2 protein chains.
Amino acid sequence: MVNDPFKALSHPIRRGIVERLAGGPASVGEVTRDFGVSKPAISKHLKVLEETGVITRVVEGRTHRIALKPEVLDEAAEWMERQRAIWERMFDVVDEYLKEKR
Amino acid sequence: MVNDPFKALSHPIRRGIVERLAGGPASVGEVTRDFGVSKPAISKHLKVLEETGVITRVVEGRTHRIALKPEVLDEAAEWMERQRAIWERMFDVVDEYLKEKR
DNA sequence: CGGATCATTAACCATTTGGTTAACAGTAGC
DNA sequence: GCTACTGTTAACCAAATGGTTAATGATCCG
């Protein structure tokens, strides 16, 4: 299991899948067509994204409908924003420090 | 070289370093004390963060002053927000679809 | 100079990652 | 039932990742 959104998004193909799904749900085969790798490779990437909670899967007969579930992305984005915000308050002090050393 | 903010943040220690630096600059030794790994390990993590542009380094004699440079984090957060926003517009349609299949 | 200190680099190792092809499982349709 | 189709699992492999200890570089200070 993965369960780490940053790790899940650390591979360009997985980010590509997210972008693809932001345009609407798709089957595994449809997703595969957009990238230059085999279907098993995509299947593994989808598994990582699913375990992390970035996507959902509804099985319909023999096809799987994959859809984005962006709540986890939100959490990760909030983490980044939080770091930036804390830093922002610190900025003037450090800027002063760097100028002083120049 | 790395140059991929998501990859740079895919390791918990590197995120820990960012959190540490959000509280103000620090030396390599100071950062090392906060995590249960050796100094060479931290040195490598810092190299990754520096190549990605998440931190800066000012050498002062024999100590290095490491500081956060959050612009890159902003870009990554914006990517996430963008995916969420596109999805948001799509949400009603897909929600309807899922209900219909239930 | 010589020793102590701060940090990086080198060499090495185990594990994880990301890909492949081939085999398997389930469903659809004739 | 048989065949085609969609997707996952198995087995394997090369490369990348993340850690270690030991060696090296560079600076400070007595």
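Quantities reported herein were computed from a predicted structural model and do not represent experimental measurements. Naming: A, B, ... by sequence-line order, numbering from 1 per chain.
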Expected rows: protein N/O vs nucleotides 23-30 of chain C N/O, under 3.5 Å:
none

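Residue pairs meeting the side-chain hydrogen bond (donor to acceptor under 3.5 Å, both in side chains) criterion with at least one member in residues 38-48 of chain B, sequence neighbours excluded: B:R14-B:H45.
The nearest whole Å value for the distance from the NE2 atom in B:H11 to the P atom in D:dA16 is 18 Å. Separating the NE2 atom of B:H64 from the C1' atom of C:dT5 is a distance of 12 Å, rounded to the nearest angstrom. Taking atom CG on A:L46 and atom C1' on D:dT6, their separation rounds to 13 Å, with Å as the unit. Note: CG (B:L49) to P (C:dT8) measures 12 Å, nearest angstrom. At whole-Å resolution of the value, CD1 in A:I17 and C1' in D:dG7 are 14 Å apart. What separates CD of A:E51 from P of C:dT17 is a distance of 11 Å, to the nearest Å. For the pair A:I13 CD1 and C:dT20 C1', the interatomic distance rounds to 13 Å; values are reported in whole Å. At whole-Å resolution of the value, CG in B:L9 and P in D:dG18 are 12 Å apart.
Here the CZ-CD distance, from B:R57 to B:E50, works out to 4.0 Å after rounding to the nearest 0.5 Å. Atom CD1 of B:I55 sits about 7.5 Å away from atom CD1 of B:I17, to the nearest 0.5 Å. Here the CG-OG1 distance, from B:L46 to B:T32, works out to 7.5 Å after rounding to the nearest 0.5 Å. Note that CG of B:D4 and OG of B:S10 are 8.5 Å apart. Values are rounded to the nearest 0.5 Å. Remark: A:I66 CD1 to A:I42 CD1 distance equals 11.0 Å, nearest 0.5 Å. Atom CG of A:L73 is separated from atom CG of A:L9 by 5.5 Å, given to the nearest 0.5 angstrom.
Looking at every heavy atom in both residues, B:T52 comes nearest to B:A8 through OG1-CB, 3.5 Å.
Listed nucleotides D:dT8, C:dG18, C:dT17 differ in distance to A:K7; the shortest reach to its side chain belongs to C:dT17. When the nucleotides D:dG18, C:dG19, D:dT8 are ranked by their closest atom to the side chain of A:R57, D:dT8 comes out on top. Distance from the side chain of B:V28 is smallest to C:dT8 among D:dG7, C:dT8, D:dT8.
The phosphate of D:dT17 (OP1 or OP2) has no side-chain N or O of B:H45 nearer than 4.0 angstrom.
Near DNA chain C, meaning a heavy atom under 4.0 Å away, the residues from residues 32-44 of chain A are A:V37, A:S38, A:P40, A:A41, A:K44.
Residues meeting the side chain to side chain contact (heavy atoms under 4.5 Å, CB included) test with B:E30, sequence neighbours left out: B:R20, B:A26, B:S27, B:R33. Residues satisfying the side chain to side chain donor-acceptor pair (under 3.5 Å) criterion with A:H11, sequence neighbours excluded, are absent altogether.
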Where do A:E60 and A:T63 land on the side chain to side chain contact (heavy atoms under 4.5 Å, CB included) test, with the steps shown first?
-> CA-CA 5 Å; A:E60 293 173 347; A:T63 79; 4.2 Å; yes
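For the pair B:V18 and A:W79, the minimum side-chain heavy-atom distance is below 4.5 Å.
Remark on the helix from C:dC1-D:dG30 to C:dC30-D:dG1: inter-end axis angle 20°, axes from five-pair C1' superpositions, rounded to 10°.
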